[in-house]
Amino acid sequence: MMTSNDTVTVLLCGVGGQGTILAADLLAHAALESGYDAKVSEIHGMSQRGGAVTTVVRFGRAGVQSMVSDPGCADCVVSFETTEALRNLPNVREGGYLLVADESIQPLPVLIGRASMPEHARETLAAAGATLIPAGDIAVGVGAPKSVNVVLLGALATRLDFSQKAWERVVARRVPPKTVDANLAAFRAGLAFAREAAGGEGA
C-alpha cells in the first residue's frame, strides 16, 4: 500500500476502446476524493479502437508540480493487455509494480501488417514480477464484460491509500448511470481477486 506523502505516478496503457481514459478519470477522482491533489496527463497515441493509448495520473498530498514521467519513473503500470504491458515495462521504476490484464489484443500496427506480436509475452511479464489478472473472465463472471478497466482499478485499489467507499462513490458518479451497478460489481470483484491473491492483505 502506498501511504507516502510523495507524488505517486500511475501509468495506464491499453488500446483504443478498452476504457483507458475512463480508468484514468476514475483514478484521478478517487485521489481527489481521498484528499490528494491529482493531475492527468495528455493522452499519447491514437485513441480510436486498435490504437495504443497511454495516460499518466499523478497524485500527492503536497500537490503535483509536474506531469513529467520519464522511463523508469512510474510507481505502477496498469496495462489492459499484455503487448502494451511489454512495451511499457521500461517505465516501471525499481521497486514499482505492474498490473496486467491477462489477455492479448492485436494493436493497429499488427492488424495492418507493420509489426508482429511479441513471443512469450506472459512469461516475460511474469519474470519481471508482473501480476497477471484474468480481468476479462472476472468481468464476464459478474455480468460486466465491458468493465475490464474497472476490474483492474479494483486490483489497483489494494495498493493505494484510498478507501473502498471513496472509490465506489467516484464510480457511481463518473460512469454512465445505466452501468453503475455493473461497474461497482466489476470493481468489487477486482478488489476481491487482488486481496485473495495477496493472501488477504490490502486496503
Side-chain angles (χ1 to χ4, degrees), residues 1-14 18-41 43 53-64 69 74-80 96-102 130-203:
M1 184 190 301
M2 296 177 179
T3 57
S4 170
N5 288 333
D6 295 336
T7 300
V8 173
T9 301
V10 179
L11 186 151
L12 302 100
C13 58
Q18 287 190 292
T20 313
I21 299 167
L22 174 60
D25 176 84
L26 294 174
L27 172 57
H29 280 87
L32 293 170
E33 185 82 7
S34 303
Y36 291 82
D37 180 35
K39 290 185 172 62
V40 181
S41 78
I43 297 145
V53 181
T54 303
T55 308
V56 173
V57 179
R58 303 194 79 208
F59 56 89
R61 293 286 190 192
V64 177
S69 179
D75 297 288
C76 173
V77 168
V78 179
S79 181
F80 294 12
Y97 58 97
L98 184 66
L99 303 178
V100 184
D102 192 5
T131 299
L132 291 162
I133 301 168
D137 291 341
I138 292 171
V140 169
V142 296
K146 295 182 178 180
S147 298
V148 168
N149 55 344
V150 183
V151 170
L152 288 173
L153 288 181
L156 176 63
T158 65
R159 308 287 190 110
L160 302 178
D161 192 30
F162 309 158
S163 72
Q164 183 174 344
K165 288 183 178 180
W167 278 104
E168 293 188 2
R169 284 195 298 268
V170 167
V171 170
R173 287 201 305 260
R174 306 292 298 180
V175 303
K178 291 182 179 179
T179 70
V180 169
D181 289 344
N183 278 294
L184 287 174
F187 176 83
R188 292 166 184 161
L191 186 75
F193 174 87
R195 282 178 171 167
E196 183 176 351
E201 297 179 4

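None of the values given here were measured: they were computed from a predicted structure.
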Please evaluate residues F162 and L156 with respect to the criterion side chain to side chain contact (heavy atoms under 4.5 Å, CB included), reporting the C-alpha separation (whole Å), side-chain torsions for both, the decisive distance (0.1 Å), and the verdict. CA-CA 10 Å; F162 309 158; L156 176 63; over 6 Å; no
In sequence, state the C-alpha distance, the side-chain angles, and the governing distance for T131 and R159, and then conclude on side chain to side chain contact (heavy atoms under 4.5 Å, CB included). CA-CA 12 Å; T131 299; R159 308 287 190 110; 3.6 Å; yes
The test is side chain to side chain contact (heavy atoms under 4.5 Å, CB included); show your working for D161 and Y36 and say whether it passes. CA-CA 10 Å; D161 192 30; Y36 291 82; 3.8 Å; yes
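Among residues two or more places apart in sequence or in another chain, the ring pair (Phe, Tyr, Trp, His ring centres under 6.0 Å) test is passed with F187 by W167. The side-chain hydrogen bond (donor to acceptor under 3.5 Å, both in side chains) check on N183 picks up S147, T179, with sequence neighbours excluded. The salt bridge (charged side-chain N to carboxylate O under 4.0 Å, His left out) test applied to E168 returns R188, not counting sequence neighbours. D37 meets the side-chain hydrogen bond (donor to acceptor under 3.5 Å, both in side chains) test with K39; sequence neighbours excluded.
Residues L11 and A74 come closest through the heavy atom pair CB-CB, 4.3 Å. A172 and V180 get closest at one heavy-atom pair: O-CG2, 3.7 Å. Here the shortest heavy-atom pairing between A157 and L191 reads CB-CD1, 3.8 Å. Residue A101 comes nearest to V148 through the heavy atom pair CB-CG1, 4.3 Å, listed as atom of the first residue, atom of the second, then distance. A38 and F59 make their closest contact through CB-CB, 3.9 Å (heavy atoms, listed as atom of the first residue, atom of the second, distance). A189 approaches I138 most closely through the heavy-atom pair CB-CG2, 3.5 Å.
Applying the salt bridge (Lys or Arg N to Asp or Glu O under 4.0 Å) test to every pair with at least one member in residues 140-158, sequence neighbours left out, gives no pairs at all. Identified under the salt bridge (Lys or Arg N to Asp or Glu O under 4.0 Å) test for residues 170-187, with sequence neighbours left out: D25-R174, E33-R173.
Within the 4.5 Å cutoff, the side chain of V171 has no heavy atoms near those of the L153 side chain. Using a 4.5 Å cut-off on side-chain heavy atoms (C-beta onward), N149 and T20 make no contact.
A distance of 7.5 Å separates CZ in R169 from OG in S34, rounded to the nearest 0.5 Å. Atom CG of L27 and atom CG of L32 lie 9.5 Å apart (nearest 0.5 Å). In this structure, D102 CG and I133 CD1 are separated by 9.5 Å, a value rounded to the nearest 0.5 Å. How far OG of S79 is from CG of L99: 10.0 Å, rounded to the nearest 0.5 Å.
D75 places no side-chain N or O within donor-acceptor distance of the main-chain N or O of G96, the cut-off being under 3.5 Å.
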